[in-house]
Amino acid sequence: MKMHNFSSGPSILPPEVLQKASEAVLNFNNSGLSLIEISHRDPSFVEIMNSARNLALELLNLENKGYSALLLQGGASLEFVRAASNLLKVDGKAGYINTGNWANNAQNEAAYFGEVVEVASSKDKNYNYIPKNIVVPNDLDYLHITTNNTIYGTQFKDFPETVVPLVCDMSSDIFSRNLDFSKFGLIYACAQKNAGTSGVNLIVVKNELLNKTTRSIPNIMNYKKHIERESMYNTPSVFSVYVSYLSMKWLKDLGGIPAAERRNLAKANLMYSEIDRNSLFYGTAAVEDRSTMNATFFLKDEKLTTAFDELCLIKGIYGLKGHRTAGGYRASIYNALPMTSVQKLVEVMQYFEEINF
Ligand SMILES: Cc1ncc(COP(=O)(O)O)c(C=O)c1O
């Protein structure tokens with residue numbers, strides 16, 4: 001039996017992607033070779049890399065708009081550093097909105113490169129809301145936002161009005177909803193939620209923002225260098241790039257971001273209506289800021305934890321445990337998670353209520 005996988009990342013992948021990825025490990029394109037034992041300079045892999053980069057721009061509707069896409073290693077945590085080292089000028093200033101642990105980490109890493117201003121924060125209420133009416137200073141090199149707070153389950157629905165470039169960590173909601181992506185100067189995301197598996201980051205950057213700092217940037221950290229080398233400055237994580245390529249192709253075949261958004265809204269609505277209805281559970285994220293990707297909830301009576309965990313296990317539900325810093329439960333309902341898995345979880349929550357009433 002296939003488990004219902006609510007893991008927050010690495011997370012569920014579409015069955016078609018798993019099938020094709022495993023075939024490629026055994027016999028890539030009927031070449032008699034494995035994908036992971038050929039050179040990354042082999043034309044067949046170069047084509048995968050180029051197609052993946054093009055697909056990312058196509059899905060985000062950023063083709064021919066002055067953006068480049070890269071697939072690089074190091075996790076989103078490396079992008080915290082790479083973004084700041086490329087965009088924060090020597091003697092410059094960057095603004096950060098602190099809406100969760102990851103946003104906070106991004107902010108702390110940027111401070112190694114220059115002055116960082118915390119423009120707004122929701123730390124006062126344990127990151128359970130998104131700050132509103134944010135006034136962004138005009139003298140920033142950029143404003144950094146984490147669009148979706150994977151840990152506490154909040155998500156920006158609107159973005160602050162600003163004249164400075166918007167830099168976004170979209171690790172946990174990229175490709176999940178329709179946005180005007182040309183609003184953003186730099187988008188980055190680790191792949192292991194909505195864009196493939198761990199081992200690769202997707203970076204989409206507006207070319208005109210690069211080369212504005214006088215800082216010397218080591219090649220491996222330099223977006224410009226990676227663009228010149230078409231994301232092949234050094235050996236890419238070939239398997240992860242291939243899984244990203246397959247995941248993006250799956251999304252395109254599904255109908256692209258608009259289709260994913262419709263599915264995601266339906267799943268999130270069902271999930272949150274059960275959290276609100278069920279007398280045993282409650283949510284803590286501000287209702288208007290609730291994430292469509294990570295629904296967090298808690299048991300009113302913590303003594304029921306073991307019983308609920310055991311029931312989930314028996315019913316084939318995996319990965320529901322909340323982040324270690326947040327506790328409770330978190331249903332990650334990324335693009336690849338089918339509606340039937342949310343229906344199953346809701347059914348289990350209802351049954352649990354019945355037997356504990
Ligand atoms: C929003 C966000 N940013 C950054 C990260 C860190 O990603 P990585 O572990 O790939 O460095 C995560 C991980 O879950 C995340 O959810």
Side-chain angles (χ1 to χ4, degrees), residues 5-13 70-85 94 96-112 121-123 126-131 142-157 159 166-177 179 184 186-204 220-221 236-237 239-241 243-244 247 264 285 289-296 319-327 329-337:
N5 184 358
F6 291 89
S7 174
S8 63
S11 54
I12 185 163
L13 286 160
L70 297 168
L71 288 158
L72 304 177
Q73 299 181 51
S77 302
L78 187 76
E79 245 44 67
F80 299 161
V81 179
R82 203 146 32 195
S85 63
Y96 276 71
I97 303 188
N98 183 3
T99 49
N101 304 27
W102 297 115
N104 199 39
N105 285 2
Q107 182 171 325
N108 291 341
E109 295 293 271
Y112 284 97
S121 170
S122 54
K123 200 171 180 182
N126 202 23
Y127 296 126
N128 73 355
Y129 71 104
I130 295 291
Y142 62 86
L143 177 71
H144 183 281
I145 287 177
T146 307
T147 46
N148 184 65
N149 176 354
T150 327
I151 296 177
Y152 296 92
T154 57
Q155 186 177 35
F156 276 88
K157 307 294 173 187
F159 297 92
L166 268 181
V167 171
C168 277
D169 175 359
M170 278 193 201
S171 289
S172 48
D173 65 353
I174 191 147
F175 299 141
S176 71
R177 56 177 171 160
L179 295 172
F184 305 104
L186 168 66
I187 297 167
Y188 63 85
C190 53
Q192 63 264 27
K193 299 156 198 303
N194 258 347
T197 190
S198 57
V200 75
N201 302 332
L202 173 65
I203 297 121
V204 174
I220 194 76
M221 301 301 288
S237 176
F239 181 72
S240 303
V241 169
V243 177
S244 282
S247 302
N264 291 333
D289 301 325
R290 281 171 162 177
S291 165
T292 53
M293 294 283 98
N294 309 96
T296 51
L320 212 57
K321 199 170 171 358
H323 188 267
R324 62 187 183 282
T325 60
Y329 296 100
R330 168 176 53 177
S332 295
I333 49 181
Y334 299 128
N335 283 357
L337 185 95

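Just so you know, ligand 1 is whichever comes first in the structure, and atom 1 is the first atom listed for that ligand. All heavy atoms count here, side chains included; hydrogens, waters and symmetry mates do not.
Phe6 has its ring centre no less than 6.0 Å from the ring centre of Tyr329.
Both the backbone and the side chain of Ser77 come within 4.0 Å of ligand 1, judged by heavy-atom distances. Heavy atoms of Ala76 found under 4.0 angstrom from ligand 1 belong to the backbone as well as the side chain. Only the side chain of Thr146 comes within 4.0 Å of ligand 1, counting heavy atoms alone; its backbone N, CA, C and O stay farther away.
Aromatic ring orientation, Tyr127 versus Tyr152: tilted (interplanar angle from 30° to 60°). Below 30°, between 30° and 60°, or above 60°: for Tyr96 and His144 the angle between ring planes is below 30°, a parallel geometry.
A 6.0 Å sphere centred on NZ of Lys157 holds more than 12 heavy atoms belonging to other residues, nucleotides or ligands.
Using a 4.0 angstrom heavy-atom cutoff, Lys193 counts as in contact with ligand 1.
Each of the following atoms of ligand 1 lies closer than 4.0 Å to a heavy atom of Gly75: 10 (O), 11 (O). Residue Cys190 has at least one heavy-atom neighbour below 4.0 Å for each of these atoms of ligand 1: 7 (O), 10 (O). The distance from ligand 1 to the heavy atoms of Ser171 drops below 4.0 Å at these ligand atoms: 1 (C), 2 (C), 3 (N), 4 (C), 15 (C).
Looking from atom 6 (C) of ligand 1 to the surrounding protein, the closest heavy atom is Trp102 CZ3, 3.5 Å. For atom 9 (O) of ligand 1, the closest non-hydrogen atom on the protein side is Gln192 NE2, 3.9 Å. The protein heavy-atom contact nearest to atom 16 (O) of ligand 1 is Thr150 OG1, 2.5 Å. The protein atom (non-hydrogen) at minimum distance from atom 3 (N) of ligand 1 is Asp169 OD2, 2.6 Å.
Here the side chains of Tyr334 and Ser8 are in contact, with some heavy-atom distance below 4.5 Å.
A donor and an acceptor atom, one from each side chain of Asn335 and Asn264, are located under 3.5 Å apart.
Among Ile187, Leu179, Asn148, Thr147, the single residue meeting the side chain to side chain contact (heavy atoms under 4.5 Å, CB included) criterion with Ile174 is Ile187. A side chain to side chain donor-acceptor pair (under 3.5 Å) with Asn98 holds for exactly one of Asn105, Thr146, Asn104; it is Asn104.
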